Amino acid sequence: MDERQTPFDAAIWAVVNAIPRGQVMAYGEVARAAGFPRHARMVSKAMSRSPEPLPWHRVVRADRSLAFEVGSDAFDTQRQRLADEGVTMLNGKVIAERPTDDLDALIWGPE
DNA sequence: CCCTTGACTATCT
DNA sequence: GAGATAGCCAAGG
């Protein structure tokens, strides 16, 4: 194999995997939680590079809209997957709760 | 090395 | 509150 995952990738994957079902996080929040503030744009790349499926549909924009073009396959897929988790959308924006501070403990450890 | 691109965000109008 | 602008940062041509 040939994938070299950077510490960045691993951190991002860990955070995304830690997002509870039915909840969403913004790209910037994921980056920050992973320890890489201002790397919101890199989060998408890291997720694309993931060797195994990731709950990427739980990652949305800061304003709670989806990052894909409306009508695109990716957009529809994300909306459908969210719907399966009980998350619906209103006026183009996701209606879901944000992970509480418990997520930080989950990622950074009980410490 | 310069320039463009991108699953972003904060700020201003 | 929607559109425009600037900032941000890594990757690729």
Side-chain angles (χ1 to χ4, degrees):
Chain A
M1 303 293 247
D2 191 47
E3 310 93 52
R4 62 213 70 114
Q5 56 258 62
T6 64
F8 174 77
D9 288 329
I12 296 300
W13 301 340
V15 172
V16 175
N17 274 319
I19 303 175
R21 191 175 188 280
Q23 298 191 293
V24 298
M25 270 183 90
Y27 291 87
E29 288 183 299
V30 171
R32 184 166 48 79
F36 295 86
R38 291 168 184 56
H39 284 229
R41 303 182 99 141
M42 311 294 100
V43 172
S44 58
K45 281 181 178 278
M47 288 193 291
S48 297
R49 285 196 294 263
S50 177
E52 59 181 289
L54 229 55
W56 57 267
H57 55 276
R58 296 180 188 151
V59 183
V60 299
R61 286 190 180 142
D63 65 353
R64 301 281 154 145
S65 63
L66 303 193
F68 298 101
E69 183 183 5
V70 177
S72 66
D73 290 335
F75 180 94
D76 201 56
T77 297
Q78 183 169 20
R79 187 178 54 175
Q80 180 59 60
R81 282 186 151 194
L82 287 172
D84 288 343
E85 298 187 354
V87 178
T88 58
M89 295 188 63
L90 176 62
N91 196 11
K93 293 188 182 178
V94 163
I95 303 177
E97 300 182 21
R98 188 177 84 162
T100 62
D101 296 325
D102 294 339
L103 184 65
D104 286 346
L106 186 57
I107 296 169
W108 294 110
E111 190 56 33

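Protein chains get the first letters and strands the later ones, always in sequence-line order, with residue 1 at the start of each. Given the structure is predicted, the values throughout are model-derived calculations rather than measurements.
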### Task
Provide the closest heavy-atom pair for A/Arg64 versus A/Val24 in the form atom of the first, atom of the second, distance.
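The pair with the smallest heavy-atom distance is NH1-CG2, 3.5 Å.
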
#### Entry: Closest heavy-atom pair and its distance - A/Gly22, A/Ala96
O-CB, 3.9 Å

Side chains of residues 51-58 of chain A: which donor-acceptor partners sit under 3.5 Å, not counting sequence neighbours?
unit_1, atom_1, unit_2, atom_2, d
A/His57, ND1, A/Arg81, NH1, 3.4
A/His57, NE2, A/Glu85, OE2, 2.9
A/Arg58, NE, A/Glu85, OE1, 3.2
A/Arg58, NE, A/Glu85, OE2, 3.1
A/Arg58, NH1, A/Ile19, O, 2.8
A/Arg58, NH2, A/Glu85, OE2, 2.8

### Message
Whole angstroms only, please: what is the CH2-C1' distance between A/Trp13 and B/dA7?
### Response
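Roughly 16 Å, once rounded to whole Å.
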
### Query
A/Val60 and A/Val70: same hydrophobic cluster, using ILVMFWY side-chain contacts below 4.5 Å?
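A/Val60 clusters together with A/Val70.
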
### Message
If the condition is side chain to side chain donor-acceptor pair (under 3.5 Å), which residues does A/Thr88 pass it with, not counting sequence neighbours?
### Response
none

Just list the side-chain donor-acceptor pairs under 3.5 Å for residues 36-45 of chain A, sequence neighbours left out, or say none.
unit_1, atom_1, unit_2, atom_2, d
A/Ser44, OG, A/Arg41, O, 2.9

### Task
Residues of residues 61-77 of chain A with any non-hydrogen atom less than 4.0 angstrom from an atom of DNA chain B: list those, numerically ordered, please.
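Output list: A/Arg61, A/Ala62, A/Ala67, A/Phe68.
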
### Task
Under 4.0 Å from any atom of DNA chain B, heavy atoms only: list the residues of residues 86-94 of chain A that qualify, in numerical order.
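The answer is none.
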
Produce the list of close N/O pairs, under 3.5 Å, pairing protein atoms with atoms of nucleotides 8-13 of chain C; give distances to one decimal.
unit_1, atom_1, unit_2, atom_2, d
C/dC8, N3, A/Arg41, NH1, 3.4

### Message
Using the P atom as the point on both nucleotides, what is the distance between C/dG7 and B/dA7, in whole Å?
### Response
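Taking atom P in both B/dA7 and C/dG7, they lie 22 Å apart.
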
### Task
Sorted by first residue and then second, give each side chain to side chain donor-acceptor pair (under 3.5 Å) pair with at least one member in residues 22-31 of chain A; sequence neighbours left out.
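Sorted pair list: A/Glu29-A/Arg98.
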
### Contacts of A/Ala62 that satisfy side chain to side chain contact (heavy atoms under 4.5 Å, CB included) - sequence neighbours left out
A/Ala26

### Task
Applying side chain to side chain contact (heavy atoms under 4.5 Å, CB included), name anything that partners A/Asp63, two or more places apart in sequence or on another chain.
A/Arg61, A/Ser65

### Message
I want to check something: taking the side chain as every heavy atom from C-beta on, are A/Ile12 and A/Val15 in contact at a cut-off of under 4.5 Å?
### Response
no

### Message
Within the 4.5 Å heavy-atom criterion, are A/Met89 and A/Leu66 side-chain neighbours or not?
### Response
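A side-chain contact under 4.5 Å exists here.
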
Short N/O separations, protein against nucleotides 11-13 of chain B, under 3.5 angstrom:
none

Could you pull out the protein-nucleic contacts involving nucleotides 3-6 of chain C (nitrogen or oxygen on both sides, under 3.5 Å)?
none

### Message
Nearest 0.5 Å, please: how far is CG in A/Leu82 from OG1 in A/Thr77?
### Response
10.5 Å

## Note on the structure
Rounding to 0.5 Å, atoms CZ (A/Arg21) and CG (A/Asp84) come to a distance of 7.5 Å

### Message
Going by salt bridge (charged side-chain N to carboxylate O under 4.0 Å, His left out), name the residues that satisfy it together with A/Asp76, two or more places apart in sequence or in a different chain.
### Response
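Result, salt bridge (charged side-chain N to carboxylate O under 4.0 Å, His left out) vs A/Asp76: A/Arg79.
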
